[in-house]
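Read through the structure below, which is laid out as C-alpha coordinates, and then see the notes.
In what follows, every heavy atom counts, from backbone to side chain, and hydrogens, waters and symmetry copies are set aside. Just so it is clear, the model here is predicted, and its values are computed rather than measured. When a residue number appears, it is its place in the shown sequence, counting from 1.
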Amino acid sequence: MSSSDPARGSAAPTPDDIERAHLRDPADRTFSIARHGVAADLSALARRFWIPVWHVLPGREAPQRVLQYPVCLVVVADSYARFYGVVSGLSTTTLRGRGWAVGVMLQPAAGLLLTGRSVDEFTDRHVDLGEVADLGALVQPVRSVMSAAPDDPASQARARSLVEAALREHLPVDDEGLLVNTVVETVEGDPQLLRVAQLCERFGMTERTLQRLTQRRLGLSPKWLIRRRRLHEAAGRLRDPAIELAALAADLGYTDQAHLTRDFRAATGLTPGRFAARFS
(Lines give C-alpha, C1' and ligand atoms only; values in the text may rest on other atoms or scores of the structure.)
Protein backbone atom coordinates (compact mmCIF):
# COMPACT_ATOMS: atom_id res chain seq x y z
CA MET A 1 0.00 0.00 0.00
CA SER A 2 1.56 3.31 -1.01
CA SER A 3 1.79 6.35 1.23
CA SER A 4 -0.69 8.14 -1.01
CA ASP A 5 -3.38 5.46 -0.54
CA PRO A 6 -6.57 6.89 1.04
CA ALA A 7 -6.41 4.19 3.72
CA ARG A 8 -3.24 5.76 5.04
CA GLY A 9 -2.86 8.94 6.99
CA SER A 10 -1.43 12.12 5.55
CA ALA A 11 0.88 11.73 2.58
CA ALA A 12 4.61 11.62 3.08
CA PRO A 13 5.87 14.98 4.36
CA THR A 14 7.42 17.46 2.00
CA PRO A 15 11.18 18.11 2.09
CA ASP A 16 10.51 21.43 3.85
CA ASP A 17 8.77 19.59 6.71
CA ILE A 18 11.81 17.37 7.18
CA GLU A 19 14.73 19.68 6.54
CA ARG A 20 13.73 22.02 9.33
CA ALA A 21 14.75 19.25 11.72
CA HIS A 22 17.38 17.38 9.71
CA LEU A 23 20.35 19.73 9.45
CA ARG A 24 21.69 17.88 6.44
CA ASP A 25 24.74 19.16 4.64
CA PRO A 26 23.52 19.65 1.04
CA ALA A 27 26.84 18.28 -0.23
CA ASP A 28 26.29 14.93 1.53
CA ARG A 29 25.32 12.27 -1.04
CA THR A 30 26.12 9.20 1.03
CA PHE A 31 22.51 8.20 1.73
CA SER A 32 18.92 8.33 0.58
CA ILE A 33 15.83 8.50 2.76
CA ALA A 34 12.37 7.20 1.83
CA ARG A 35 9.58 8.85 3.82
CA HIS A 36 6.01 7.64 4.24
CA GLY A 37 2.91 8.48 6.20
CA VAL A 38 1.31 5.96 8.56
CA ALA A 39 -2.01 4.18 8.23
CA ALA A 40 -4.96 6.43 9.05
CA ASP A 41 -6.02 4.46 12.12
CA LEU A 42 -2.58 5.08 13.66
CA SER A 43 -2.54 8.85 13.17
CA ALA A 44 -2.92 9.58 16.89
CA LEU A 45 -0.07 7.22 17.74
CA ALA A 46 2.53 7.78 15.00
CA ARG A 47 3.51 10.56 12.61
CA ARG A 48 5.59 9.07 9.83
CA PHE A 49 8.20 6.57 8.74
CA TRP A 50 11.68 7.32 7.50
CA ILE A 51 13.86 4.63 5.94
CA PRO A 52 17.48 5.63 5.28
CA VAL A 53 19.82 3.50 3.19
CA TRP A 54 23.47 4.54 3.17
CA HIS A 55 26.80 3.72 1.57
CA VAL A 56 29.76 5.58 3.01
CA LEU A 57 33.16 4.90 1.44
CA PRO A 58 35.72 3.01 3.57
CA GLY A 59 37.59 5.26 5.96
CA ARG A 60 34.95 8.01 5.76
CA GLU A 61 32.09 9.09 7.98
CA ALA A 62 28.81 10.92 7.38
CA PRO A 63 27.53 12.66 10.53
CA GLN A 64 23.78 13.32 10.56
CA ARG A 65 22.58 16.11 12.85
CA VAL A 66 18.94 16.49 13.83
CA LEU A 67 16.98 18.90 15.99
CA GLN A 68 14.49 16.27 17.02
CA TYR A 69 10.77 16.91 17.16
CA PRO A 70 9.18 16.50 20.63
CA VAL A 71 8.40 12.82 20.10
CA CYS A 72 9.94 9.42 20.77
CA LEU A 73 11.30 7.20 18.01
CA VAL A 74 11.38 3.47 17.27
CA VAL A 75 14.26 2.37 15.03
CA VAL A 76 15.14 -1.09 13.72
CA ALA A 77 18.45 -1.18 11.82
CA ASP A 78 20.68 -3.89 10.47
CA SER A 79 22.93 -3.69 13.53
CA TYR A 80 20.74 -2.28 16.35
CA ALA A 81 17.11 -1.81 17.42
CA ARG A 82 16.22 0.99 19.83
CA PHE A 83 13.54 3.09 21.47
CA TYR A 84 14.65 6.72 21.66
CA GLY A 85 13.40 9.37 24.02
CA VAL A 86 13.48 12.99 22.93
CA VAL A 87 16.96 14.46 22.60
CA SER A 88 16.79 17.90 24.18
CA GLY A 89 19.86 19.19 22.34
CA LEU A 90 21.33 18.18 19.00
CA SER A 91 20.98 14.52 18.04
CA THR A 92 23.98 13.21 16.08
CA THR A 93 24.28 9.85 14.31
CA THR A 94 27.42 8.99 12.36
CA LEU A 95 26.94 6.75 9.34
CA ARG A 96 29.74 4.37 8.32
CA GLY A 97 30.00 1.66 5.69
CA ARG A 98 26.76 0.24 4.29
CA GLY A 99 23.54 0.05 6.23
CA TRP A 100 19.84 0.75 6.55
CA ALA A 101 17.24 1.53 9.19
CA VAL A 102 13.47 1.54 9.49
CA GLY A 103 12.37 4.35 11.78
CA VAL A 104 8.97 5.53 12.92
CA MET A 105 8.43 8.95 14.43
CA LEU A 106 5.75 8.57 17.08
CA GLN A 107 3.17 11.06 18.26
CA PRO A 108 3.65 12.78 21.64
CA ALA A 109 1.06 10.46 23.18
CA ALA A 110 2.87 7.28 22.23
CA GLY A 111 5.89 7.12 24.52
CA LEU A 112 3.97 6.36 27.69
CA LEU A 113 1.60 3.99 25.89
CA LEU A 114 4.44 1.92 24.44
CA THR A 115 6.67 1.84 27.52
CA GLY A 116 4.16 2.07 30.36
CA ARG A 117 6.49 4.61 31.97
CA SER A 118 6.76 8.36 32.28
CA VAL A 119 8.63 9.51 29.20
CA ASP A 120 10.99 11.75 31.15
CA GLU A 121 12.84 8.52 32.06
CA PHE A 122 13.99 8.37 28.42
CA THR A 123 14.94 11.99 27.78
CA ASP A 124 18.37 12.18 26.12
CA ARG A 125 18.77 8.40 26.13
CA HIS A 126 17.75 5.26 24.29
CA VAL A 127 17.13 1.67 25.30
CA ASP A 128 17.22 -1.60 23.42
CA LEU A 129 13.88 -2.29 21.77
CA GLY A 130 13.64 -5.55 23.66
CA GLU A 131 13.04 -3.52 26.84
CA VAL A 132 9.86 -1.94 25.45
CA ALA A 133 6.73 -4.08 25.80
CA ASP A 134 6.36 -6.40 22.81
CA LEU A 135 8.36 -4.30 20.34
CA GLY A 136 11.43 -6.51 20.58
CA ALA A 137 9.51 -9.08 18.55
CA LEU A 138 9.75 -6.72 15.55
CA VAL A 139 13.48 -6.95 15.14
CA GLN A 140 13.96 -10.25 13.34
CA PRO A 141 10.90 -9.96 11.04
CA VAL A 142 11.90 -6.45 9.94
CA ARG A 143 15.49 -7.50 9.32
CA SER A 144 14.28 -10.52 7.40
CA VAL A 145 12.26 -8.47 4.90
CA MET A 146 14.79 -5.63 4.62
CA SER A 147 18.20 -7.32 4.50
CA ALA A 148 18.18 -8.70 0.96
CA ALA A 149 17.23 -5.44 -0.76
CA PRO A 150 16.90 -2.53 1.68
CA ASP A 151 16.24 0.04 -1.05
CA ASP A 152 13.43 -2.02 -2.62
CA PRO A 153 10.06 -0.24 -2.15
CA ALA A 154 8.27 -3.56 -1.69
CA SER A 155 10.65 -4.60 1.11
CA GLN A 156 10.17 -1.24 2.78
CA ALA A 157 6.38 -1.53 2.52
CA ARG A 158 6.44 -4.95 4.20
CA ALA A 159 8.65 -3.60 6.98
CA ARG A 160 6.28 -0.68 7.56
CA SER A 161 3.32 -3.07 7.75
CA LEU A 162 5.09 -5.09 10.44
CA VAL A 163 5.73 -2.00 12.52
CA GLU A 164 2.17 -0.75 12.07
CA ALA A 165 0.75 -4.09 13.22
CA ALA A 166 2.85 -3.89 16.40
CA LEU A 167 1.77 -0.31 17.07
CA ARG A 168 -1.93 -1.20 16.72
CA GLU A 169 -1.60 -3.31 19.86
CA HIS A 170 -1.26 -0.04 21.79
CA LEU A 171 -4.47 1.59 20.57
CA PRO A 172 -6.65 3.35 21.53
CA VAL A 173 -4.87 6.53 22.58
CA ASP A 174 -6.03 7.76 25.98
CA ASP A 175 -7.61 11.18 26.57
CA GLU A 176 -4.47 12.64 28.14
CA GLY A 177 -2.50 11.40 25.16
CA LEU A 178 -4.90 13.08 22.76
CA LEU A 179 -4.54 16.26 24.80
CA VAL A 180 -0.75 16.30 24.65
CA ASN A 181 -0.93 15.61 20.90
CA THR A 182 -3.09 18.71 20.54
CA VAL A 183 -0.81 20.82 22.74
CA VAL A 184 2.22 19.96 20.62
CA GLU A 185 0.31 20.42 17.37
CA THR A 186 -0.75 23.86 18.56
CA VAL A 187 2.80 24.90 19.41
CA GLU A 188 4.18 23.59 16.12
CA GLY A 189 1.43 25.17 14.04
CA ASP A 190 1.14 28.65 15.54
CA PRO A 191 4.22 30.87 15.06
CA GLN A 192 2.53 33.61 17.09
CA LEU A 193 2.62 31.44 20.20
CA LEU A 194 5.82 32.65 21.85
CA ARG A 195 5.21 32.33 25.60
CA VAL A 196 4.16 29.53 27.93
CA ALA A 197 1.48 31.83 29.39
CA GLN A 198 -0.19 31.98 25.97
CA LEU A 199 -0.22 28.20 25.78
CA CYS A 200 -1.71 27.92 29.27
CA GLU A 201 -4.42 30.38 28.35
CA ARG A 202 -5.19 28.51 25.12
CA PHE A 203 -5.81 25.27 27.01
CA GLY A 204 -7.20 26.68 30.26
CA MET A 205 -4.38 25.17 32.34
CA THR A 206 -2.13 26.46 35.04
CA GLU A 207 1.56 26.48 34.17
CA ARG A 208 2.17 23.79 36.79
CA THR A 209 -0.47 21.50 35.26
CA LEU A 210 0.90 22.01 31.77
CA GLN A 211 4.45 21.39 33.02
CA ARG A 212 3.41 18.09 34.60
CA LEU A 213 1.64 16.99 31.43
CA THR A 214 4.55 17.65 29.09
CA GLN A 215 7.12 16.26 31.52
CA ARG A 216 5.22 12.99 31.87
CA ARG A 217 4.27 12.53 28.21
CA LEU A 218 7.23 14.22 26.44
CA GLY A 219 9.99 14.37 29.00
CA LEU A 220 10.44 18.13 28.44
CA SER A 221 8.97 21.48 29.37
CA PRO A 222 6.46 23.72 27.55
CA LYS A 223 9.20 26.34 27.24
CA TRP A 224 11.39 23.80 25.42
CA LEU A 225 8.53 23.08 23.00
CA ILE A 226 8.27 26.72 21.99
CA ARG A 227 12.03 27.15 21.71
CA ARG A 228 12.39 24.04 19.56
CA ARG A 229 9.59 25.20 17.24
CA ARG A 230 11.41 28.50 16.71
CA LEU A 231 14.69 26.72 15.98
CA HIS A 232 12.99 24.45 13.45
CA GLU A 233 11.51 27.45 11.69
CA ALA A 234 14.89 29.20 11.70
CA ALA A 235 16.62 26.14 10.22
CA GLY A 236 14.02 25.97 7.46
CA ARG A 237 14.11 29.63 6.54
CA LEU A 238 17.91 29.91 6.65
CA ARG A 239 18.01 27.78 3.50
CA ASP A 240 16.71 30.80 1.58
CA PRO A 241 19.75 32.79 0.33
CA ALA A 242 17.71 36.01 0.47
CA ILE A 243 16.90 35.73 4.18
CA GLU A 244 17.90 38.66 6.39
CA LEU A 245 18.91 37.59 9.88
CA ALA A 246 17.55 40.66 11.63
CA ALA A 247 14.14 40.22 9.99
CA LEU A 248 14.15 36.50 10.77
CA ALA A 249 14.94 37.17 14.43
CA ALA A 250 12.05 39.63 14.64
CA ASP A 251 9.64 37.23 12.92
CA LEU A 252 10.53 34.47 15.39
CA GLY A 253 10.03 36.68 18.43
CA TYR A 254 13.69 37.09 19.43
CA THR A 255 14.65 40.36 21.07
CA ASP A 256 17.38 40.91 18.47
CA GLN A 257 19.63 39.16 15.96
CA ALA A 258 22.25 38.42 18.62
CA HIS A 259 19.68 36.49 20.66
CA LEU A 260 18.80 34.34 17.63
CA THR A 261 22.49 33.75 16.93
CA ARG A 262 23.19 32.62 20.51
CA ASP A 263 20.17 30.32 20.59
CA PHE A 264 20.86 28.76 17.19
CA ARG A 265 24.57 28.25 17.85
CA ALA A 266 23.89 26.69 21.27
CA ALA A 267 21.50 24.19 19.66
CA THR A 268 23.34 23.36 16.42
CA GLY A 269 26.99 24.31 16.94
CA LEU A 270 26.75 26.70 13.98
CA THR A 271 25.89 30.36 13.75
CA PRO A 272 22.91 31.16 11.51
CA GLY A 273 25.29 32.74 9.02
CA ARG A 274 27.50 29.66 8.77
CA PHE A 275 24.50 27.39 8.47
CA ALA A 276 22.93 29.53 5.73
CA ALA A 277 26.24 29.69 3.80
CA ARG A 278 26.02 25.96 3.09
CA PHE A 279 22.98 26.62 0.88
CA SER A 280 24.23 29.66 -1.00
Report yes or no: do L194 and F264 belong to one cluster of Ile/Leu/Val/Met/Phe/Trp/Tyr joined by side chain heavy-atom distances under 4.5 Å? no
What pair of heavy atoms forms the shortest contact from V38 to A46, and how long is it? CG2-O, 3.4 Å
Hey, are the side chains of T209 and F203 touching, using non-hydrogen atoms and a 4.5 Å cut-off? no
If you group Ile, Leu, Val, Met, Phe, Trp and Tyr by side-chain heavy-atom gaps below 4.5 Å, do V139 and V132 land in one group? yes
Non-hydrogen side-chain atoms of R239 and F275 separated by less than 4.5 Å: yes
What is the distance from atom CD of E201 to atom OG1 of T206, rounded to the nearest 0.5 Å? 13.5 Å
Would a 4.5 Å heavy-atom cut-off, applied to side chains only, mark T115 and E121 as touching? no
Interatomic distance, CZ@R278 vs CG@L238, rounded to 0.5 Å, equals 10.5 Å
Residue set satisfying side-chain contact (heavy atoms from CB on, under 4.5 Å) with A154, at least two apart, ordered chain then number -> D152, R158
Yes or no on side-chain contact (heavy atoms from CB on, under 4.5 Å) for R237 and D251, after CA distance, side-chain angles and deciding distance? CA-CA 11 Å; R237 292 177 62 181; D251 287 348; 2.8 Å; yes
Nearest-0.5 Å distance, CG of residue L95 to CD of residue Q64: 4.5 Å
Closest approach of A109 to A44 (non-hydrogen atoms, all atoms of both residues): CB-O, 4.2 Å
Flag, side chain of S147 to backbone of S144, donor-acceptor distance under 3.5 Å: no
Give the other cluster members for V119, using side-chain heavy-atom distances under 4.5 Å between Ile, Leu, Val, Met, Phe, Trp and Tyr residues; answer none if it is isolated. L112
Between atom CD of E233 and atom CG of L248, what is the distance when rounded to the nearest 0.5 Å? 7.5 Å
Flag the pair T92 / V87 as yes when at least one side-chain heavy-atom distance between them is below 4.5 Å, and no otherwise. no
One thing to verify: whether R47 and E188 come together as a salt bridge, which I'm taking to mean a side-chain N less than 4.0 angstrom from a carboxylate O. yes
Shared hydrophobic cluster, V86 / L231 (ILVMFWY, side-chain heavy atoms < 4.5 Å): no
Determine whether more than 12 heavy atoms belonging to other residues, nucleotides or ligands lie under 6.0 Å from atom CD of E244. no
Taking atom CD as the centre, does Q198 end up with more than 12 heavy-atom neighbours from other residues, nucleotides or ligands that are less than 6.0 angstrom away? yes
Exercise: identify the closest heavy-atom pair between H36 and A34: NE2-CB, 3.8 Å
Do L135 and E169 make a side-chain contact, defined as non-hydrogen atoms from C-beta onward lying under 4.5 Å apart? no
side-chain contact (heavy atoms from CB on, under 4.5 Å), that's the test. Do L45 and Q107 meet it? Break it down for me. CA-CA 5 Å; L45 196 63; Q107 288 282 22; 5.5 Å; no
Restricting to side-chain contact (heavy atoms from CB on, under 4.5 Å), what partner residues turn up for I33, sequence neighbours left out? H22, F31, R35, W50, P52
As a quick check of understanding, evaluate side-chain contact (heavy atoms from CB on, under 4.5 Å) for C72 and F122, giving each step before the final call. CA-CA 9 Å; C72 298; F122 301 94; 5.6 Å; no
Under the ring pair (Phe, Tyr, Trp, His ring centres under 6.0 Å) rule, collect the residues that match up with H259, sequence neighbours excluded. Y254
Closest contact, heavy atoms only, P191 versus R229: O-NH2, 3.7 Å
Under 3.5 Å: donor-acceptor pair, side chain of R228, backbone of S88: yes
Smallest heavy-atom separation, A234 atom then L252 atom, equals CB-CD1, 3.7 Å
So does R98 have more than 12 non-hydrogen atoms from other groups sitting under 6.0 Å from CZ? no
Would you say the side chain of P108 lies within less than 4.5 Å of the side chain of Y69, judging by non-hydrogen atoms? no
Do M205 and V184 share a hydrophobic cluster (ILVMFWY, side-chain heavy atoms under 4.5 Å, transitive)? yes
Would you mind checking if E164 and R160 are paired as a salt bridge, meaning a charged N to carboxylate O distance below 4.0 Å? no
Test side-chain contact (heavy atoms from CB on, under 4.5 Å) applied to T261 and Q257, step by step: CA-CA 6 Å; T261 296; Q257 181 178 330; 4.2 Å; yes
Apply side-chain contact (heavy atoms from CB on, under 4.5 Å) to A258 and list each qualifying residue two or more places apart in sequence or on a separate chain. D256, R262
Given the rule that I, L, V, M, F, W and Y join up when any side-chain heavy atoms are under 4.5 Å apart, are V71 and V187 in one cluster? no
Looking at F83, is R117 sitting on its ring face, NZ or CZ under 6.0 Å from the six-membered ring centre and within 45 degrees of the normal? no
Just how far is it from atom OH of Y84 to atom CG of L73, taken to the nearest 0.5 Å? 8.0 Å
Within-4.5 Å side-chain heavy-atom neighbours: L220 and L225: no
Output the distance between atom CG (L67) and atom CZ (R227), rounded to the nearest 0.5 Å. 9.0 Å
So salt bridge (charged side-chain N to carboxylate O under 4.0 Å, His left out) across residues 214-226, not counting sequence neighbours, yields D174-R217, E176-R216, E176-R217
Could you check if a side-chain atom of L114 sits within less than 4.5 angstrom of a side-chain atom of V74, using non-hydrogen atoms only? yes
For a quick test of reading the model, state the closest non-hydrogen atom pair linking A159 to M146 and the distance between them. CB-CG, 3.9 Å
Donor-acceptor contact present, side-chain S155 to main-chain D151, <3.5 Å: no
Does R168 have more than 12 heavy atoms from other residues, nucleotides or ligands lying within 6.0 Å of its CZ? yes
